[in-house]
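Atoms within a ligand are numbered from 1 in the order they appear, just like the ligands themselves.
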Amino acid sequence: MSSAHGRPATGTLLIRDLAQVATPRAPGPARGVALRDVAVVEDAYVLVRDGAIASVGPMRDLPQLDGDVAELDGRGLSAIPGLVDCHTHPAFAGDRAHEFALRAGGATYEELLAAGGGILSTTRATRAAGPATLEAIVARHRDAMLAHGTTTFEGKSGYGLDRDTELAQLSAVRAAGGIPTWLGAHAVPPEQPDADAYVEWAVAEVLPEAAHTAVAADVFVEGGTFDVAQARRYLMACRDAGLALRLHGDQLSEIGAVPLAVELGARSVDHLESTGPAGIGLLGESDVVAVLLPVAALYLARPMPPARALVDAGAVVALATDFNPGSAFCESLPVVCTLACTQLGLVPEEALSACTVNAAYVLGLEDRGRLTPGARADVVLLDASDWRHLAYHLAGDLIHTVVQDGTIAFSRA
Ligand code: NIG
Ligand code: FE
């Protein structure tokens, strides 16, 4: 048996004698009963060839393998697909520990932003950092996510709010292997007269370049940032430039983000902590993905999003960390899965589908999120014989090994 660590994505890798392999069965977008349709194989193997899943099955069906085969011993472990974090803000400098302490003492997120703190304080630090520092920062956060089982991450800009820093953020996400989203409309920077003027400036001066690097555009629809008319103007310009559309909506207040997302055929509307029955009904009948971010609700001590009602209404639901320095300083999708099963009313199977196959769908990636022949070989080995420890073990030291694109990218041992 040869060691598989750091091996290139060519050749054959056998992960053998796994206690369980668990994978969503249906391709994305999974909704309704398909969301909880997870196939579990006991005493199983996963065979990887040239960076792709070749086959998955019980050990008794393992085919005869010839030639050089690297092996991983899966005894006592369970395998799930590499996790997909479809909503993060990793391209920031500095931190907000001081504001965290102020919030712990009673200040609110909205008060801090209105006083020039919050997103704007991170913007000052990020503008000062420079492109090389931003690249190093995103790579560091990427590595932390990987150690929590995340093999694909989306990363937003939105802490530059000027041309060069926004573009540097997008490039830093791309350089770290992430999927960049231009969050050009995150907040109004102090040098701009108002939100309308800022949106006009951003679509004229930043969008043409941003559209070369980003795959999607995002806007923070909220009182004090961008209203529905401003968000519509921004998103329609981004759609014309070829970007998929996403919205931060109904986080703090319900001011029309969900109807706008449906009207524009957005890929997703994210947060939804304040979404009421009308918004749930709209999402239940649309293809717009409801991306739920329970860490942000926990961290800001706000109500959890109506996840159970959304799933039961037929909405396509995904889960993500919202990793950022202000409202969700947490890289862990396993923690998100625990919150999904304890606070959102989802079962572990629904949580798994929501942060694998459905999260990949949000990013337009059909080649991952399931352990199925032909898929990109992204595999997480959990240090537990029952894969549901993913959600069950709150903040546990669970990630044993991560295979990314056929290569062992993280190993705890
Ligand atoms: O998704 N709500 C807007 N944006 C981020 C937070 C950004 C920040 O506080 O730095 C979010 O929660
Ligand atoms: Fe966010």
- Distance from atom 9 (O) of ligand 1 to nearest protein heavy atom, with residue and atom: Tyr109 OH, 2.5 Å

- Have a look at Leu390 and tell me which of Val380, Ile80, Ile399, Thr338 forms a side chain to side chain contact (heavy atoms under 4.5 Å, CB included) with it. Ile80

- Query: Taking 2.8 Å as the cut-off, does an N/O/S atom of Asp322 lie below it from the Fe ion (ligand 2)?
  - Reply: yes

- Using a strict cut-off of less than 4.0 Å between a Lys/Arg side-chain nitrogen and an Asp/Glu carboxylate oxygen, indicate whether Asp85 and Arg142 qualify as a salt bridge. no

- Who's the nearest protein heavy-atom neighbour of atom 11 (C) of ligand 1, and how far? Asp322 OD2, 3.1 Å

- Query: Going by heavy atoms in the side chains, are Leu333 and His148 under 4.5 Å from each other?
  - Reply: no

- Item | Enumerated ligand 1 atoms positioned under 4.0 Å from heavy atoms of Arg96 | 8 (C), 9 (O), 10 (O)

- Which of His87, Glu222, His186 passes side chain to side chain donor-acceptor pair (under 3.5 Å) with His248? It is His87

- Message: Need the atom name: nearest N/O/S atom of His89 to the Fe ion (ligand 2).
- Response: NE2

- Charged N to carboxylate O under 4.0 angstrom, Glu331 versus Arg140? no

- Query: Are the charged groups of Arg376 and Asp367 less than 4.0 angstrom apart, N to O?
  - Reply: no

- Relative to the heavy atoms of Ile119, which atoms of ligand 1 are at a distance of less than 4.0 Å? 7 (C), 8 (C), 9 (O), 10 (O)

- Inspect the contact between Arg127 and Glu191 and indicate whether a charged nitrogen and a carboxylate oxygen are less than 4.0 angstrom apart. yes

- Side chain, backbone, both or neither: which part of Glu222 comes within less than 4.0 Å of ligand 1 when only heavy atoms are counted? neither

- Task: Identify the residue among His389, Arg412, His400 that makes a side chain to side chain donor-acceptor pair (under 3.5 Å) with Asp383.
- Result: Arg412

- Proximity flag His186 to ligand 1, non-hydrogen atoms under 4.0 Å: yes

- Task: Select the closest option to atom 2 (N) of ligand 1 among His271, Glu99, His89, Gln251, judged by heavy-atom distance.
- Result: Gln251

- Note on the structure: One finds that the ligand 1 atoms under 4.0 Å from a non-hydrogen atom of Tyr159 are 7 (C), 8 (C), 10 (O)

- Quick one: do Arg302 and Glu110 make a salt bridge, cutoff under 4.0 Å? yes

- Message: Taking 4.0 Å as the limit for heavy-atom contacts, which would you say applies to Phe92 with ligand 1: side chain only, backbone only, both, or neither?
- Response: neither

- So which N/O/S atom does His248 have closest to the Fe ion (ligand 2)? NE2

- Can Thr122 be said to touch ligand 1, with heavy atoms closer than 4.0 Å? no

- Message: Strictly distance-based, threshold 3.5 Å: is any side-chain N or O of Arg31 a donor or acceptor partner for the main-chain N or O of Gly314?
- Response: yes

- Query: Any idea which N/O/S atom from His87 gets closest to the Fe ion (ligand 2)?
  - Reply: NE2

- Task: Name the closest protein heavy atom to atom 12 (O) of ligand 1, giving the residue it belongs to and the distance to 0.1 Å.
- Result: Ser327 OG, 2.5 Å

